[in-house]
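Before any comments, here is the structure.
Just so you know, ligand 1 is whichever comes first in the structure, and atom 1 is the first atom listed for that ligand. Worth knowing before you read on, the calculation uses all heavy atoms, side chains too, and leaves out hydrogens, waters and symmetry mates.
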Amino acid sequence: MTFLTIPTPFLTIKDISKRYGPVLALDGIDLDIAAGSRTAIVGPSGSGKTTLLRVVAGFEQPDTGQVWLEGRMLADGPAIVPAHRRGIGIVSQDGALFPHLTVADNIGFGMERGTPDRDKLINGLVDMVELDRIMLDRRPHQLSGGQQQRVALARALARKPRLMLLDEPFSALDTGLRENMRKAVSRVLQNAGITAILVTHDQAEALSFADQVAVLRDGRLIQAGTPQTLYLNPVDRETASFLGDAILMPADLGDGFADCVLGRIETDATNRRGKADIMLRPEQLRLTAIGGNGDVRQACSAKVTDVEFGGAVCTVTLALYGVPLVVKCSSVALPAVGSTVQVDVLGKAHVFAKAPN
Ligand code: ADP
Ligand code: MG
């Protein structure tokens with residue numbers, strides 16, 4: 001006889017609210033996280049990202065709601081399992097290393113006293129976070145920002161957490177280093193099979209790191225889904241613009257199409273009619289030069305008003321019936337300012353679920 005088992009999520013955040021005096025930092029957050037997955041929590045500053053992580057970690061008591069990890073209840077309103085009994089690792093923005101301890105002792109800090117093979121374990125962790133073992137005797141102030149964050153990660157890994165929480169761990173690093181660190185951390189967590197939640201205000205970081213992205217605004221969960229879903233089908237204009245450049249246009253909807261300044265284009269909504277705002281991502285527009293004194297009466301041609309060279313991705317501004325339109329182009333065959341181009345739309349325009357206010 002076989003029993004049907006319903007897979008329960010690894011981590012369940014259920015209707016969590018948290019108030020600090022007059023500020024409602026978290027307002028009824030519901031979020032499920034699958035085992036082994038990577039979730040990015042994004043949102044503007046003050047939207048409740050850190051508070052949510054601290055509730056999951058056990059540093060903060062929610063006013064209401066529950067947190068479940070692998071079927072075990074960690075919080076039920078203010079009744080909580082203490083942080084050190086949760087098996088959850090956390091790396092904060094500044095790494096929070098102990099300044100008076102060496103790298104080795106920082107990493108070994110969480111290990112039980114007299115752990116057999118302590119040094120070997122520390123060496124293994126240093127290798128895992130791709131730090132040179134030469135660093136082991138140094139103190140935090142003798143390390144770069146990136147190296148400090150690797151030590152912080154190694155220290156969190158030393159406790160063998162099943163869940164790792166990362167609160168803007170790369171925000172103090174410069175762009176190139178940040179990308180390297182993000183990839184290294186992804187690799188380490190994936191190899192160790194650790195489920196991860198990354199808080200970031202960097203949308204590109206969120207989209208490339210995560211299997212699931214959750215958008216917070218004013219303490220509320222606005223939308224959660226795959227990076228593709230959020231990028232291409234955001235619930236509202238703010239989310240659209242938060243996750244990348246967005247071209248927002250008024251349109252008249254028909255069955256699966258919209259009439260707008262770009263002419264008639266396909267949409268992802270077949271059951272809507274009437275006026276609506278639609279969205280395209282700038283990379284959905286393709287420009288082709290119209291030779292000589294180009295046919296400007298063509299349905300979808302536009303004058304180039306500005307070109308910003310940006311290496312691999314250049315930004316071209318067009319005027320379409322007086323409406324400025326910003327398009328991302330490759331540096332190959334970049335149109336000239338003042339020339340006329342034909343504009344083609346790739347893929348479908350997105351119609352927001354909610355009608356404009
Ligand atoms: P984020 O990490 O998204 O920037 P936070 O979770 O830190 O946001 O903060 C959410 C809101 O709660 C903000 O308005 C913040 O000022 C407030 N807040 C956070 N922690 C405290 C605290 N310990 N005491 C009072 N207010 C707080
Ligand atoms: Mg924060």
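- There is no protein heavy atom closer than 4.0 angstrom to atom 15 (C) of ligand 1.
- For atom 23 (N) of ligand 1, the nearest non-hydrogen atom of the protein is Tyr20 CE2, 3.6 Å.
- One side chain, Gln93 or Ser171, offers a donor N or O that lies under 3.5 Å from an acceptor on the other.
- Taking backbone and side chain together, Thr51 holds no N, O or S atom under 2.8 Å from the Mg ion (ligand 2).
- Residues that satisfy the side chain to side chain donor-acceptor pair (under 3.5 Å) test with Ser92, not counting sequence neighbours, are Asp94.
- Geometric assessment of Arg162 against the ring of Phe10 yields a negative cation-pi assignment under the 6.0 Å and 45° thresholds.
- Distances shorter than 4.0 angstrom do not occur between any heavy atom of Gly43 and any atom of ligand 1.
- Not a single heavy atom of Gly21 sits closer than 4.0 Å to an atom of ligand 1.
- Atom 2 (O) of ligand 1 lies below 4.0 Å from at least one non-hydrogen atom of the protein.
- Less than 4.0 angstrom separates some heavy atom of Pro44 from each of these atoms of ligand 1: 3 (O).
- Applying the salt bridge (Lys or Arg N to Asp or Glu O under 4.0 Å) test to every pair with at least one member in residues 84-93, sequence neighbours left out, gives no pairs at all.
- Counted by atom type alone, Thr200 and Glu205 present one or more donor-acceptor pairs between their side chains at under 3.5 Å.
- Of the candidates Val199, Thr50, Asp167, Thr50 brings a heavy atom nearest to atom 7 (O) of ligand 1.
- Taking the centre and axis of the six-membered ring of Phe242, the NZ or CZ atom of Arg217 falls outside the cone set by 45° and 6.0 Å.
- Here the protein heavy atom with the shortest distance to atom 12 (O) of ligand 1 is Ala25 CB, 3.5 Å.
- The closest side-chain donor-acceptor pair between Arg138 and Thr102, if any, does not fall under 3.5 angstrom.
- Within 6.0 Å of the CG atom in Asp27, the count of heavy atoms belonging to other residues, nucleotides or ligands exceeds 12.
- Residue, atom and distance of the protein heavy atom nearest to atom 5 (P) of ligand 1 are Thr51 OG1, 3.6 Å.
- Atom 4 (O) of ligand 1 has as its closest protein heavy atom Gly46 N, 2.7 Å.
- Looking only at protein heavy atoms, the nearest one to atom 8 (O) of ligand 1 is Gly48 N, 3.3 Å.
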